[in-house]
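Since we're looking at a predicted model, the values are computed, not measured. Below, read A as the first sequence line, B as the second, and so on, with proteins coming before strands; counting in each chain starts at 1.
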Protein chains: 2
Amino acid sequence: MDLQTLDFDPERDLMLERVLPVSPERVWACWTEPRHLERWFTPAPWTTSDVVMELRPGGLFQSRMTGPDGEPLLNIGCVLEVVPLRRLVWTDGMWPGFRPKTTGFLTAFILLEPHPEGTRYIAIARHVDAKGRNEHAAMGFHDGWGVATDQLVALAKTL
Amino acid sequence: MDLQTLDFDPERDLMLERVLPVSPERVWACWTEPRHLERWFTPAPWTTSDVVMELRPGGLFQSRMTGPDGEPLLNIGCVLEVVPLRRLVWTDGMWPGFRPKTTGFLTAFILLEPHPEGTRYIAIARHVDAKGRNEHAAMGFHDGWGVATDQLVALAKTL
């Protein structure tokens, strides 16, 4: 996995790394097919709906998250890079069509690699600055992304 | 040229379109080789130096512009999409490695297509909002990018 070229910066980036007991094909499907994303993307009791994933550079990545009290959160971002079964990069720092936003929070790198036990899985959240990184860590990045990844694996096993 | 998928928005985007009397190979070289960029990128008497162009998604695009009174302007942006001889997309709205910035101004699309007279050339400046587009128009987008393009053609003819 080409981590060196990512220039991971521990002061501004967060990373979750795991070996998942499902194939890269299934992990990729969970990340790229809206009907799958809607089933695993948010830790319960939050839910995800209205997912749009245009799987090309500049494409729209949209999701609507809804909390237990019905509070809605519409996320509109942009797909940056797509290498099937290997690498998906998207950001909330651009509108679709690569239009710059001034309210971006993060870029996410999803990196997959075949592993004897299934898939080596790395998810990186790259923030504007250390403040954003630290807020995300305090919001529970590791627990939140960890629980969502458990949900992804549970779903992937059924595909 | 795949303009439809660009979703050009006249309220927030600006476009320069021309047929250039030089081949796409030469236009591409002028846009992607730092030693060439430094010769045409800014309308005189402004000059450009210290160009870095990492020609891959997430790569660094850096230039330093210097005005007639020596005022320096360092631009650090990110390459978004590279289709050799056809399409170069970059932005000042991300740091290299796709790190989001909250001070972005534009994304630039450089689109080339072979033409009987040389190259059909389209340059699009996609702004955060209509205010950015209107400021860029008032700053002299069409004259500025037009003069720079004249400089590009003059250089390309000598390659």
Original post:
Given the rule in the side chain to side chain contact (heavy atoms under 4.5 Å, CB included) test, do B:T103 and A:T102 qualify, once you have shown the distances and angles that lead to the verdict?
Top reply: CA-CA 6 Å; B:T103 56; A:T102 53; over 6 Å; no
**OP:** Apply the test side chain to side chain contact (heavy atoms under 4.5 Å, CB included) to residues B:M94 and A:M94: give CA-CA distance (whole Å), side-chain angles for both, the deciding distance (0.1 Å), then the verdict.
**Re:** CA-CA 9 Å; B:M94 306 199 108; A:M94 305 199 108; 4.1 Å; yes
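Considering only heavy-atom pairs separated by less than 4.5 Å from chain B, the leading option among A:P57, A:G58, A:P96 is A:P57. If you tally non-hydrogen atom pairs under 4.5 Å between each of B:G93, B:G132, B:G97 and chain A, the highest count goes to B:G97.
Within 6.0 Å of atom CZ in B:R18, more than 12 heavy atoms from other residues, nucleotides or ligands are found, so the atom counts as buried in its surroundings. Heavy atoms from other residues, nucleotides or ligands lying under 6.0 Å from CD of A:E11 number 12 at most.
For the pairing with B:R99, the side chain to side chain contact (heavy atoms under 4.5 Å, CB included) check across A:D7, A:T107, A:D13 returns one residue only, A:D13.
No chain of hydrophobic side-chain contacts below 4.5 Å, direct or via other Ile, Leu, Val, Met, Phe, Trp or Tyr residues, connects B:V83 to B:W28. Residues B:L14 and B:M139 do not share a hydrophobic cluster, defined by chaining ILVMFWY side chains whose heavy atoms lie under 4.5 Å apart. Note on B:I110 and B:L20: same hydrophobic cluster, where clusters join Ile, Leu, Val, Met, Phe, Trp and Tyr whose side-chain heavy atoms are under 4.5 Å apart, directly or indirectly. A continuous path of Ile, Leu, Val, Met, Phe, Trp and Tyr side chains, each step under 4.5 Å between heavy atoms, connects B:V22 with B:L159, placing both in one hydrophobic cluster.
We find the CZ-CH2 distance between B:R126 and A:W95 to be 13.5 Å, quoted to the nearest 0.5 Å.
For chain A, the nearby part of B:F105 is the backbone; its heavy atoms alone come within less than 4.5 Å.
Here the closest heavy-atom approach between residue A:P100 and residue B:T91 is recorded as CG-OG1, 4.2 Å.
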